[in-house]
Structure formats: structure tokens, C-alpha cells
**Student:** 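The following block contains the structure, expressed as C-alpha cells.
Chain naming here is simple, since letters A, B, ... match the order of the sequence lines and numbering starts at 1 in each.
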Protein chains: 2
Amino acid sequence: MSGRTVTITEVARHAGVAVSTVSYVLSGKRTISAGTRRRVLDSIDALGYHPHAGARALASKRSNVIALVLPLRAGMHVPVLMRFASAVVTAARRFDHDVLLLTADEGTDGIRRVAASALVDAFVLMDVELDDSRVPLLRELAEPSVLIGFPAEPAGLTCVDLDFAAAGAQCVAHLAERGHSRIALLGAPAVVYERGTGFARRTREGFVAAVAAHRVTGVALPCEETFDEVYSTLSRLLRDQPDLSGLVVHNEAAVGHVLSALRQLGRRVPEDVAVVAICPDDVAERASPPLTSVLIPAEEVGREAVRLVMDKLDGKPAPDATLLTPHLALRAST
Amino acid sequence: MSGRTVTITEVARHAGVAVSTVSYVLSGKRTISAGTRRRVLDSIDALGYHPHAGARALASKRSNVIALVLPLRAGMHVPVLMRFASAVVTAARRFDHDVLLLTADEGTDGIRRVAASALVDAFVLMDVELDDSRVPLLRELAEPSVLIGFPAEPAGLTCVDLDFAAAGAQCVAHLAERGHSRIALLGAPAVVYERGTGFARRTREGFVAAVAAHRVTGVALPCEETFDEVYSTLSRLLRDQPDLSGLVVHNEAAVGHVLSALRQLGRRVPEDVAVVAICPDDVAERASPPLTSVLIPAEEVGREAVRLVMDKLDGKPAPDATLLTPHLALRAST
DNA sequence: GGGGAGTGTCGAAGCGCTTCGATGACCGGC
DNA sequence: GCCGGTCATCGAAGCGCTTCGACACTCCCC
């Protein structure tokens, strides 16, 4: 099979109709009688026809490809990124679109280039930061875009993310309900807060607000990702506050170290210290003990981002902000 | 700026030349006088011209896009995958190509579809397994492809990977030189070996061969990824072989647990047990103590894969197998 | 039983680019 | 001073598709 590539003309000839009729069968943009449609569809499959993407893009001014733009900083959050990416591809396919991968190496030029060359119809940006250099460019582009994460000035943009403030608050509420009155948040490395990464700050804000609301004592600390740093942070914390009994960990890479360090400091989980994590499910499940956690719903975020960008492509209005409700999964650590 | 999109016709008019001349300036396929070239290039920049990707693909039968096909199984190896992906994109850009991301969800149909629709010119497959359903399809496609990893029957295919057998052997050699005569390999979870994943097996083979060659005692065990499993495997191992003093860990997810478990079993690293890991650099560096490791050179593999696929696109011959030499980085754990 | 409103289908004109053959201008050799 | 050969450039023919206007029917209402 597949000697040469099959064109719409051959399909038309095979089905005994005009080329335009085949096109209309495929696009559904004009009514076609059931009989003709059948014949055309049969010919399509008999010949193994696939429309030529370039020709289609040229004639229709739509490439049916969206760009997925990777974050500026590699190294953070990595496994989650992969799940986002995979979710975005899967969701895009459901709208009959493919996904072009763009890295930050090329910076804003890459975005400009693929937009200008009509390679893609729209953009999904992952892991947007508060002060993101790609954002101003997006504003002047004709192509629609959706951001995963929130920049400092999100007005007029379409952004999706987990509601991290609610996630932080939910962890506090959970620990408070369990009777813990002195708790701590171990967050991202200090540099991440300084850089102004939105999700880290928002979690902390949610934590702080909930601590006040629930009338418990809580302290939020940044947390480096080496065992030694985690160990010393924790031992200091437990020395200063011996009755600390609840811990919220929002740092995927440090989760394992936190558990090891507690073990080594002679604290049992959950008997002495209850631990809630904000991290992907697989990390929480693989920990020992498995962690009660607020999962980062990568699939859901990816799917939602694609849905929004498709709405915008169709000219439908899209809400500026979409915050996905966090869900707490109960496991052995609380 | 950028009211409407600029076409080659407008560039030609602006520069006072024919459309074909502009095209030849861009492609270099015919000689153009220096003066004309200059004028054309100036016009291109003045107008901000970018060739329309679809039109170009239609006329030239080349899309300048390659497909990057994600592995069938998600969840394994994840951060490394992301680095591969990023390396592939960066390398592809150097050849003026973009990268389309394909997931396994769509299976072989996705590959067939993008090939038939001329969306991509070539394929790079990540994390190929011994018995990979995508391989037979690739063989019948006209588009060139390169595999990262090795299937069971690689004849006639172009494959790239780290030389895992050499990596396993190198770890053994390193430990043997340091005077360790009783060592063990903690590998991937049992299911990974059963599934026939190439890199896991090849590391083990390299380990076993090197153990014999260096006349040391060595045992290779699969290794699950929860702390409890790691702990019990290790404690059993140390009970049965109290003088075991060298450990090779080829399981990114278990690295942290191995160190915690050793700590908890009262063995110091490297004083009591020397540990070598085969894992990405960042994992080795973040461990405590930082691990001597054979790094998985994601960037290099990605770059090499792209280079090979571009050679094939140009009709140049490409070697069937490319094995990248492993490099051992000395750190505190041995 | 003639006019208007749908239906279903066709033909042709592009979309923006590459590429092939043709054409002029210019050169050196006789 | 005319001929063959480069060199630089042009014009036009597609590439495979979508879309627009036109056309031929059928149906129904007055």
C-alpha cells in the first residue's frame, strides 16, 4: 500500500464526485446527501486518504496545531511538567489538533516565529511566572493563548491553575480539624519565593490566612532540597517548637527528605507529627508512609487549558481566570 | 506592526525583484548577486517577513517539522524524559526544524496519521522497549526515524542510547579499584525486567560480566521504589552478606530511599558502604552525600538523535547503532 | 402551474510558496 | 564583430486544499 500519497482529487474521482464535495464531506460545512457522503467516506478509507496538512493550512488559514511552550526555568517541577505536556497533547487530539513543542531556549523569538509563519494557531504556556517575559508578546499577537499559572498582571489574559491558596488553606483546615494547633509549612527553596513564582507565594498566603482563621499557630519556612538542609531546618524547628505536630510540605523534591529526617529525629508519622503534602499523587503514594496530600491535577489543568484555547479559537469568550479546586486525598500520614 | 501577514510577493515588490528571486535568496539553490541578495534581505527584515509554513510544505514537500514520540509507559524515568525532549527541540532548531509532540495514547495511529498528512518529515522515538509495537510501523514508513533505546530486533533501524552495559561495568570497575570485593546492583523494579526494557537488562548484563572479569562477588537484584521495599531488600542483603561494601543503584526513584535506609541500618556512606548510582546528574548531586554516578547524558542523546535523523533526511547513511560512552563523575559516596 | 425557497453538487479561483525552463546581459575567443 | 557559454533573474506552472458563487433540482404554496 501507500505507493504515493493519495490526494483529494483521487478520492473525488474514485467516488465519482467533485473535489469540493469531498472537502464538504470532511468539513461538514455544507449539507451533503447521505448517499454521497457514504460513497465519499468509503472511497477515503479504500484509498487510505489523509488530507495534506500543509495544503489544508494554506487554504484554510488554520494549521490545526497549537504550540506548547515549556517554562523558562528547567529543573523545577519536572515530572509534573511531563504530565501536563502529555495531558495537553491528549486533550488537543480530541479537538483534532496536534501540539508543537517550544522550549525557552529560543525565548520569545520562537513564539514570534511560529506565529508569523502560521505554524500554529494558538499557544499554551506552561509554568508562567509572575514577571514573565513572554507575556507582553502574547498580548500583541493575534493568536489566542492560555497560560498555566498566573503572571503579576493577568488582566486580559486567560490563565488556568490549581487554586494554590485554597490548597494551602485546605491543608491547614485538615490539620486543625485533627486537633493540631501548632503547625508549619515547608515550602519551596528561598530563591523560588524571591523570583516571585506565583504558586509558591499563593500557597503560603493561603496557609497564613487559614492559620489565622483557624486560630492555630503556624509558621511558613522556605525549604531547600538537600537532605542536610531539610534535616537542619526540621531539627531547628522541632527544637524551638517541641510541641509542633503538623507539617505541610509544598516541595516535591524535599518530600522524601522530610520523611527521612523525621525518622532520624525520632518522630513517628503520623503519631508524633502529621504530614500533609502538596504534590503529585504518585509522589505521595510512593512515600512511606503514603502521604495525605493535595494533588496537583496535571491532567485536569492541561485539559482545561486546551478547552479554553479551543474556545478562544472558535471566537467564544473565555474567562480570565480559572482556578481549579484542590482535592485532599487522605492517606496514612495524618 | 503586523497588520496582516506579509507574503513573499510583497517582499519581492518591495525589493524590486521577482518572487522566485526572493525564494532563491532564502534557499540558496541558485546563485544570486551580492547586491540583489542584500536588497532582498533588507526588505525581508524591513517588512518582518516569515515564510508561511504550510505554503512552503505544500510546494517543497518538506514540513521542516520532526515528530518526537513519547514512550508508551509514562511514569518511568520522567525527569530524564523532559530533558531529552528539551534537548531534541533545541537540537532540531539548529537544523531549522520544529518538533511536534506525539503521545502514546494515540498509539501507532498517531504516527501513521502525521506521516500520511505530511505534517512531519521524520520521527524520533523516545524510550523504545525491546518489544515495541511502533517499530514495525516505522519500518514500512517512507519517513526516516531514529530510536532512543534499542528494540529486540534493531537491524535496519537507527538507534541511539547510552551504553548501559559499559555503564554497569564501569561502576563495577570503580568499586573494584577501590578495593570492594563484595558488591550488589539494585536495579529497576522486577516488572521492568519482565517487560523486557532494554536499558535495565543491559546494565545488569554489564554488571554481571564485569563482576566476573574483576573477580569480585556480585549480585544483581531488582528494586521496588517504596522506602519499605528498599529498606527490606537492603536489610536482607546486609544480613546475608555482612561484608557487602559496594552498591550500584540503577533506579532513579529509589536512590533517595537507599540512602535513607542505609542511614537507618547504621551504615555510613562511604565509610561502610560505597554507593555508585546510574542516574541524572541533578539527582546524584542533590543526594546526601552527593553520589558518585554515571550520568545519563540526556542532552547528548537528544542531540545525537537529531543529528542522525537529519542525516537521514539528507539522504546520508546513518549507522545502525550509536552507543554513547558513559562518564563516571566522582563524588562523596565512594 | 408558475414562482420562490431550499437542497445538493459542481467548477474555478485562489492560498503562498518552490522550481523549472526561458531569457538577457555580458564575457572572451576567433 | 559574431558565437557559444556563464551568470543572474524572471515568469508561470503547479503543490493539495478550501470556499464562493452558480446551477440544477425538488417541493410547496397560492
**Student:** Which nucleotide, dG14(C), dG16(C), dG8(C), lies nearest any side-chain atom of T31(A)?
**Tutor:**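 Comparing dG14(C), dG16(C), dG8(C) against the side chain of T31(A), the answer is dG8(C).
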**Student:** Give the rounded distance in Å between these two atoms: CG of L26(B) and C1' of dT18(C).
**Tutor:** 11 Å
**Student:** Measure from the side-chain heavy atoms of L58(B) and tell me the nearest of dA12(C), dC10(D), dC15(D).
**Tutor:**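 Looking only at heavy atoms from C-beta outward on L58(B), the closest nucleotide is dC15(D).
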**Student:** Any side-chain N or O of S23(B) below 4.0 angstrom from OP1/OP2 of dT19(C)?
**Tutor:** no
**Student:** So, does the side chain of S20(A) form a donor-acceptor pair with the base of dG11(C) at under 3.5 Å?
**Tutor:**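 Yes, the side chain and the base share a sub-3.5 Å donor-acceptor pair.
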**Student:** Hey, does the side chain of K29(A) come within less than 4.0 Å of dT19(D)'s phosphate (OP1/OP2), counting only N and O?
**Tutor:**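 Yes, because at least one side-chain N or O of K29(A) sits under 4.0 Å from OP1 or OP2 of dT19(D).
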**Student:** Among the candidates dG16(D), dT9(D), dG16(C), find the nucleotide nearest to the side-chain atoms of K61(B).
**Tutor:**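 Between dG16(D), dT9(D), dG16(C), the one nearest the side chain of K61(B) would be dG16(D).
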**Student:** Between the base of dG8(C) and the side chain of R39(A), is one N or O donor paired with an acceptor at under 3.5 angstrom?
**Tutor:** no
**Student:** Name the nucleic acid region contacted by V19(A), choosing base, sugar-phosphate or nothing; use a 4.0 angstrom heavy-atom cut-off, strictly under.
**Tutor:** base
**Student:** Counting only side-chain heavy atoms from C-beta out, which of dG16(D), dC10(D), dG16(C) sits nearest to T7(A)?
**Tutor:**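 Nearest to the side-chain atoms of T7(A), counting from C-beta on, is dG16(D).
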**Student:** Starting at the 5' end of DNA chain C and moving along, which residue's nearest nucleotide shows up first, Y24(B) or G35(A)?
**Tutor:**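 That would be G35(A).
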**Student:** Check E304(B) with R307(B), please: is the shortest side-chain N to carboxylate O separation under 4.0 Å?
**Tutor:** yes
**Student:** Is D127(B) close to F199(B) at the side-chain level, that is, under 4.5 Å between some pair of heavy atoms?
**Tutor:**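 Yes. Closest side-chain heavy atoms under 4.5 Å.
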**Student:** Let me know, please, whether P51(A) or R30(B) comes out on the 5' side of the other along DNA chain D by nearest nucleotide.
**Tutor:** R30(B)
**Student:** State which of dG8(C), dT19(C), dT9(D) makes the closest approach to the side chain of S33(B).
**Tutor:**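 Among the listed nucleotides, the one closest to the side chain of S33(B) is dT9(D).
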**Student:** Please tell me if S60(A) has a side-chain N or O lying less than 4.0 Å from either OP1 or OP2 of dT18(D).
**Tutor:** no
**Student:** Can you tell me which nucleotide in dC10(D), dC15(D), dT9(C) comes closest to the side chain of T36(A)?
**Tutor:** dT9(C)
**Student:** Quick test of your reading of the model: are R112(B) and E140(B) salt-bridged, counting only N-O distances below 4.0 Å?
**Tutor:** yes
